[in-house]
Engineer: 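Quick one: this structure, given as structure tokens, is what I'll be asking you about.
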Amino acid sequence: MKKVITYGTFDILHSGHINLLRRAKEYGDYLIVAASSDEFNEIKGKKAYYSFEQRKMILEAVRYVDLVIPEHNWEQKTTDVKKYNVDVFVMGDDWKGEFDFLKEYCEVIYLPRTVGISTTKIKEDLNKR
Ligand code: C2G
């Protein structure tokens, strides 16, 4: 079984996230999503609208996702890749190059982001109404 992993906050799930998850799943048979914990979001300077538990539950309902685990810090990726026998690490290309150190353990793929949508834009647009 070919296992894929990706990381992110995935707050207010939108088509950009779904495009990423769908394409990530195409690289294998099993997709793990490491969703940022509320505490790690603070470290990332993000205030998610949905709690970790809500974001986890929503991600688990996505057809492409097989397992959701918590992302607690920047350092856990190597451990996760080994622990879950991951073959492919996938991220949007806003992170291009940032995780190349993982190439020692698995394939590293950066996919083009979906243009024109983001959780920040959704929040801004809703505030304008
Ligand atoms: N994404 C995308 N297109 C968008 C918005 C997001 O492809 N329009 C992708 C991002 O590139 C990322 C994933 O969806 O791969 C999740 O996005 P975020 O929740 O914003 O994740 P981020 O805060 O970048 O967290 O350790 C890695 C970090 O946890 C990544």
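Predicted, not measured: the structure shown is a model, and the values here were computed from it.
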Engineer: Under the ring-ring contact (aromatic ring centres under 6.0 Å, His included) test, which residues partner Phe10, sequence neighbours left out?
Structural biologist: His17
Engineer: Establish, from distance only, whether the side-chain atoms of Asp38 and Tyr50 form a donor-acceptor pair under 3.5 Å.
Structural biologist: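 Their side chains do not contain a donor-acceptor pair, so the 3.5 Å distance test is not met.
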Engineer: Give me the ring orientation class for Phe99 and Trp74: parallel if the planes are under 30° apart, tilted from 30 to 60°, perpendicular past 60°.
Structural biologist: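 Parallel: the ring planes of Phe99 and Trp74 meet at under 30°.
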Engineer: Show, in sequence, the C-alpha distance, side-chain angles and deciding distance for Ile122 and His14, and conclude whether the side chain to side chain contact (heavy atoms under 4.5 Å, CB included) test is met.
Structural biologist: CA-CA 9 Å; Ile122 292 168; His14 55 64; 3.9 Å; yes
Engineer: Are any of the side-chain heavy atoms of Val86 and Ile32 separated by less than 4.5 Å?
Structural biologist: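 A side-chain contact exists here, since the closest heavy-atom pair is under 4.5 Å.
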Engineer: For a 4.5 angstrom cut-off between non-hydrogen side-chain atoms, does Phe89 reach Tyr7?
Structural biologist: yes
Engineer: Could you see if Val90 belongs to whatever hydrophobic cluster contains Trp95? Use Ile, Leu, Val, Met, Phe, Trp, Tyr and a side-chain cutoff under 4.5 Å.
Structural biologist: no
Engineer: Would you call Ile43 and Asn73 a side-chain contact if the rule is heavy atoms closer than 4.5 Å?
Structural biologist: no
Engineer: Going only through I, L, V, M, F, W and Y residues with side-chain contacts under 4.5 Å, is there a path from Phe52 to Met57?
Structural biologist: no
Engineer: Rounded at 0.5 Å granularity, tell me how far CG in Asn85 sits from CG in Asp80.
Structural biologist: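 CG of Asp80 is found 12.0 Å from CG of Asn85.
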Engineer: Side-chain donor-acceptor pair under 3.5 Å between Asp11 and Thr119, yes or no?
Structural biologist: no
Engineer: Is there a side-chain contact between Thr6 and Met91 in this structure, where contact means two heavy atoms from C-beta onward sitting under 4.5 Å apart?
Structural biologist: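 Of all side-chain heavy-atom pairs linking Met91 with Thr6, at least one is under 4.5 Å.
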Engineer: How close do Asp93 and Pro112 get, counting heavy atoms only, and between which atoms?
Structural biologist: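 Shortest heavy-atom contact: OD2-CA, 3.2 Å.
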Engineer: To the closest 0.5 Å, what do you measure between CG (Leu20) and OH (Tyr64)?
Structural biologist: 12.0 Å
Engineer: Apply side chain to side chain contact (heavy atoms under 4.5 Å, CB included) to the pair Tyr27 and Leu111, showing each step before the final yes or no.
Structural biologist: CA-CA 11 Å; Tyr27 283 91; Leu111 296 172; 3.7 Å; yes
Engineer: For the residue pair Ile117 and Ser15, establish whether any side-chain heavy-atom pair is separated by less than 4.5 Å.
Structural biologist: yes
Engineer: Verify whether one side chain among Ser36 and Lys44 offers a donor that lies under 3.5 Å from an acceptor in the other.
Structural biologist: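 There is such a pair between these side chains.
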Engineer: State the NZ-SG distance between Lys2 and Cys106, to the nearest 0.5 angstrom.
Structural biologist: 11.0 Å
Engineer: Applying side-chain contact (heavy atoms from CB on, under 4.5 Å), can you list everything that pairs with Asp66, at least two apart in sequence or on another chain?
Structural biologist: Lys25, Tyr30, Leu31
Engineer: Between Tyr110 and Gly92, which heavy-atom pair has the shortest distance, and what is it?
Structural biologist: CD2-O, 4.1 Å
Engineer: Flag the pair Glu71 / Gln76 as yes when at least one side-chain heavy-atom distance between them is below 4.5 Å, and no otherwise.
Structural biologist: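 Glu71 reaches Gln76 side chain to side chain.
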Engineer: So if you build clusters from Ile, Leu, Val, Met, Phe, Trp, Tyr with side-chain heavy-atom gaps below 4.5 Å, do Ile109 and Val81 land together?
Structural biologist: no
Engineer: If we ignore hydrogens and angles and just use 3.5 Å, is the side chain of Asn41 paired with the main-chain N or O of Lys47 as donor and acceptor?
Structural biologist: no
Engineer: Honestly curious: do Phe40 and Ile69 fall in one hydrophobic cluster under the side-chain, below-4.5 Å linking rule?
Structural biologist: yes
Engineer: Count the heavy atoms of every other residue, nucleotide or ligand shown that sit under 6.0 Å from NZ of Lys123, and state whether that count exceeds 12.
Structural biologist: yes
